Asker: 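Input: one structure, supplied below.
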2 protein chains.
Amino acid sequence: MKNSRTTLKDLAKELNLSASTISRALGNHPGISESTTKLVQKKAEELGFIPNSIASSFRKKKTQSIGIIVPRIDIYFHSLVISGIEDYAYKMGYNVTIFQSKDSMKREQEITKILQNKMVEGVIVCLSIETDKYDHFKKFKKLGIPLVFYDRVPSEIDVNSIVINDYESAFTATKHLIEKGCKRIAHIAGNQSTAIFKARYEGYKAALKKHKLTLDANLVGLTHNLSYEEGVIQANKFLKLPVLPDGIFCANDYTAVSVLQVFMKAGVKIPEETAIVGFSNYPISRVIEPHITTINDRAFEMGTEAAKLSIRLIEDEEESIKSETISLNTELIVRESSMKTTV
Amino acid sequence: MKNSRTTLKDLAKELNLSASTISRALGNHPGISESTTKLVQKKAEELGFIPNSIASSFRKKKTQSIGIIVPRIDIYFHSLVISGIEDYAYKMGYNVTIFQSKDSMKREQEITKILQNKMVEGVIVCLSIETDKYDHFKKFKKLGIPLVFYDRVPSEIDVNSIVINDYESAFTATKHLIEKGCKRIAHIAGNQSTAIFKARYEGYKAALKKHKLTLDANLVGLTHNLSYEEGVIQANKFLKLPVLPDGIFCANDYTAVSVLQVFMKAGVKIPEETAIVGFSNYPISRVIEPHITTINDRAFEMGTEAAKLSIRLIEDEEESIKSETISLNTELIVRESSMKTTV
DNA sequence: CTGAAAGCGCTTACAG
DNA sequence: CTGAAAGCGCTTACAG
């Protein structure tokens, strides 16, 4: 399409000034007289001058943009994180370019290539579920482009990452059930090859141990991806036990919802007979009845922190070598699904 | 941060060829011998050459990028649309830069300025709820940057837009209730200054009229933003009526959920005494019990179509003057909340 | 099939 | 306080 943009030169010619002066005046450079600056800015406004920031980026080798790679945008958790990133980045004058890996390592690898030559200044990533090799991220280090991971982070140590304290959160959630008088506490666990779900399982086990409750293998339901459907399957398994669990800690809210519905349909009273705690604070947890006690996973703040760290690393002159892991503290949100009167 | 990228020139020097040849060989230009092309590409790989696409964009005046302005990323509908846009854009070699207006016209105006000098090649927008002036979009036309609106579109005619057939969808939803034997059908309506909600209200009215049912003002609940809470308020109003509505068509799924919950708590049988239909096919509609009959608003496809149209307009040589409105057909998804046996 | 040269629109070190 | 000049890393019309 035709391009009839006014350029610096046009402005210069119009005002009988040099391009250098125009450039400086527009940038409010101190070494330009106030009158000239005023004049230039007025004229720029008048001619509808829009600086070509591609030229500027090219010249300055600064694009003021951050690349994001997420598995999918339409997963609520990620949409919240992205929202947090955009919000902070916008305030700092950065913009964000988004790519979806669709949980494919191959696509993730393609995207890293694109990001390398697109000259983003920083990259924020949540790994695809398939990713078990990290070579495609190494190039960023060589190029001096800081990488920040969140949620699903590489199982290596020297990366910048934003996570939540999954272990402690799971511990807290389980302890809450214990304090409510539960003795037979079940757990619906996520994929144990994913660090965060492993940590949640560990936190659950630790809380039981601490309170001298024995771990019963029948009360642990391992799932592949914590889907609603898998939750239904696990719930039905629990229902067939000779003695029902009196508390269930689910590693996410989807499975918490399915357990809640399956149990209620089977006539089990929630929370009196079985108390339920989820994880993530998805919107549905405060809509479904009874409302579900859950862990606020602070997705938005995760995004804010990721953006903050990324921009700090971008603007940091002395390339700080050491990697940083920021662990956010979650909070337990107590709702009806676990509100039974303590014994 | 330090930048030690290999450039075209480095490659040229290394191979004793000109930069022109290197550039062409990398681009698989036909006028270069196969052997040279092979040689250059091998060397490029070897030296880890990454083309500087900012330089290339600058030179070619093509950034292969699309800007998106949405009210919020963390609204499920928008996250789906964005996902659809990214998906199609990615396939076509475009990337997407996202901004949130946060439903502020002021911020939307700021963003349009940024997008104008960022040299995106196309812009896709869902207007902020506040927006009642469109001057900030005019500049795009002058710059030859095609604009595509979706969902909330300007109340002017000459814009490209992707919408769904709200009127027909509402008509279908209401007709469905009528066919199920409902005689007193209520409607929870959205903000009537927003075109889509107005169209849904009109569709509801038209269906009543067509089937000779009278419109009862007591059965219409106007809300400001169709929030869950507003749904609760309207539901309680309906409960106080001497005769309950036997069908309710809600302009979105949030209010459908709240009506369903309030009515059930009041002992009303769903769908036997009151059937409910929502709008949007939010995930919660197929989780809450009874599952809610709703309209699939095809958000993902809306994104795909927006991207498709945007890219077509970008790549179209002969700046097609006429604007296009693409209206997607929705579908009614019948679930338990309206499945009562017909009389 | 390959190369020399110009130039995209800015910014900035250098000079005055 | 202002200007001339060089250059960022590519691409492409022109020439051979």
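Source: prediction; values computed, not measured. Each chain gets a letter, A, B and so on, in the order the sequences are listed, and its residues count up from 1.
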Asker: In dot-bracket notation, what is the pairing pattern of DNA chain D, taking Watson-Crick (N1-N3 plus N6-O4 or O6-N4) and G-U wobble (N1-O2 and O6-N3) contacts under 3.5 Å, with [ ] crossing and | for other strands?
Answerer: |||.||||||||.|||
Asker: Go through the steps for A:K42 and A:E45 under the test salt bridge (charged side-chain N to carboxylate O under 4.0 Å, His left out), then give the verdict.
Answerer: CA-CA 5 Å; A:K42 190 166 146 278; A:E45 178 74 23; over 6 Å; no
Asker: Which residues pass the side-chain contact (heavy atoms from CB on, under 4.5 Å) test with A:A299, not counting sequence neighbours?
Answerer: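 With neighbours one apart ignored, the set is A:F77, A:L80, A:V81, A:D297.
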Asker: Send over the distance from A:I54 CD1 to D:dC8 P, rounded to a whole Å.
Answerer: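 To the nearest whole Å, that distance equals 19 Å.
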Asker: Provide the closest heavy-atom pair for A:E130 versus A:M105 in the form atom of the first, atom of the second, distance.
Answerer: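 For A:E130 versus A:M105, the nearest heavy atoms are OE1-N, 3.0 Å.
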Asker: Categorize A:T36 for me: base, sugar-phosphate, or nothing, with a 4.0 angstrom heavy-atom threshold over every strand shown.
Answerer: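 The residue A:T36 makes sugar-phosphate contact but no base contact.
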Asker: Mind listing the closest non-hydrogen atom pair of A:I129 and A:R152 along with its distance?
Answerer: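 Looks like N-NH1, 2.9 Å.
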Asker: Within the pair B:S56 and D:dG9, is there a side-chain N or O less than 4.0 Å away from OP1 or OP2?
Answerer: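 No, because none of the side-chain N or O atoms of B:S56 sits under 4.0 Å from OP1 or OP2 of D:dG9.
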Asker: How many Å lie between CG on B:L39 and P on C:dC1, as a whole number?
Answerer: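 B:L39 atom CG is separated from C:dC1 atom P by 15 Å.
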Asker: Rounded to the Å, how far apart are A:L11 CG and C:dC10 P?
Answerer: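 Distance check: A:L11 CG to C:dC10 P gives 9 Å.
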Asker: Rounded to the Å, how far apart are A:Q116 CD and D:dG9 P?
Answerer: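 It works out to 17 Å between those atoms.
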Asker: Expressed in angstrom and rounded to an integer, what is the separation of A:K38 atom NZ from D:dC1 atom C1'?
Answerer: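 Between C1' of D:dC1 and NZ of A:K38: 16 Å.
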Asker: Find the distance B:L26:CG to D:dG9:P and express it as a whole number of Å.
Answerer: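 B:L26 atom CG is separated from D:dG9 atom P by 16 Å.
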Asker: Expressed in angstrom and rounded to an integer, what is the separation of B:L143 atom CG from C:dG9 atom P?
Answerer: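 Nearest whole value for this atom pair: 13 Å.
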Asker: Which heavy atom of A:R72 sits nearest a heavy atom of A:D74, and at what distance?
Answerer: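 The answer is NE-OD1, 3.1 Å.
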Asker: Which ones in residues 14-24 of chain B lie close to DNA chain D, meaning a heavy atom under 4.0 Å from one of its atoms?
Answerer: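 Those residues are B:S20, B:S23, B:R24.
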Asker: Does a side-chain N or O of B:K61 approach OP1 or OP2 of C:dG9 to a distance below 4.0 Å, or not?
Answerer: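 So the side-chain polar atoms of B:K61 do come within 4.0 Å of the phosphate oxygens OP1 or OP2 of C:dG9, strictly under.
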Asker: Using a 4.5 Å cut-off on heavy atoms from C-beta on, say whether the side chain of A:T7 contacts that of A:D10.
Answerer: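 Counting from C-beta outward, A:D10 and A:T7 do come under 4.5 Å.
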Asker: Is A:S33 near enough to D:dT2 that one of its side-chain N or O atoms lies under 4.0 angstrom from OP1 or OP2?
Answerer: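 Answer yes for this pair, as a side-chain N or O of A:S33 is under 4.0 Å from OP1 or OP2.
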Asker: Considering non-hydrogen atoms only, spot the tightest contact between B:A44 and B:L26 and give its length.
Answerer: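 Where B:A44 meets B:L26 most closely, the heavy atoms are CB-CD2, 3.9 Å.
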Asker: Taking all non-hydrogen atoms of both residues into account, name the closest pair between B:Y150 and B:C126 and its distance.
Answerer: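 Result for this residue pair: CZ-CB, 3.5 Å.
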Asker: From C-beta outward on B:K9, which listed nucleotide comes closest to its side chain: D:dC8, D:dT12, C:dC10?
Answerer: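 Of the candidates, D:dC8 comes closest.
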Asker: Closest-nucleotide mapping onto DNA chain C: is B:S35 or A:T7 further toward the 5' terminus? I mean the 5' end.
Answerer: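 Taking each residue's closest nucleotide, the earlier one in sequence belongs to B:S35.
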Asker: Against B:D135, only a single residue in B:K133, B:K138, B:K139 fulfils salt bridge (Lys or Arg N to Asp or Glu O under 4.0 Å); can you say which?
Answerer: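 Testing each of B:K133, B:K138, B:K139 against B:D135, the sole residue satisfying salt bridge (Lys or Arg N to Asp or Glu O under 4.0 Å) is B:K138.
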Asker: side-chain hydrogen bond (donor to acceptor under 3.5 Å, both in side chains) between B:N28 and B:Q41: does it pass, once the steps are laid out?
Answerer: CA-CA 9 Å; B:N28 286 311; B:Q41 294 187 349; 3.0 Å; yes
Asker: Within the stacking criterion (centroid distance below 5.5 Å, interplanar angle below 30°), does B:F58 stack on C:dC8?
Answerer: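 Yes; centroid distance and tilt both under limits.
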Asker: Between B:N28 (CG) and C:dC1 (P), how many Å, whole number?
Answerer: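 Those two atoms, CG and P, are 13 Å apart.
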Asker: So which one's nearest nucleotide on DNA chain C is more toward 5', B:P30 or B:K60?
Answerer: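 Mapping each residue to its closest nucleotide by heavy atoms, the 5'-most match is B:P30.
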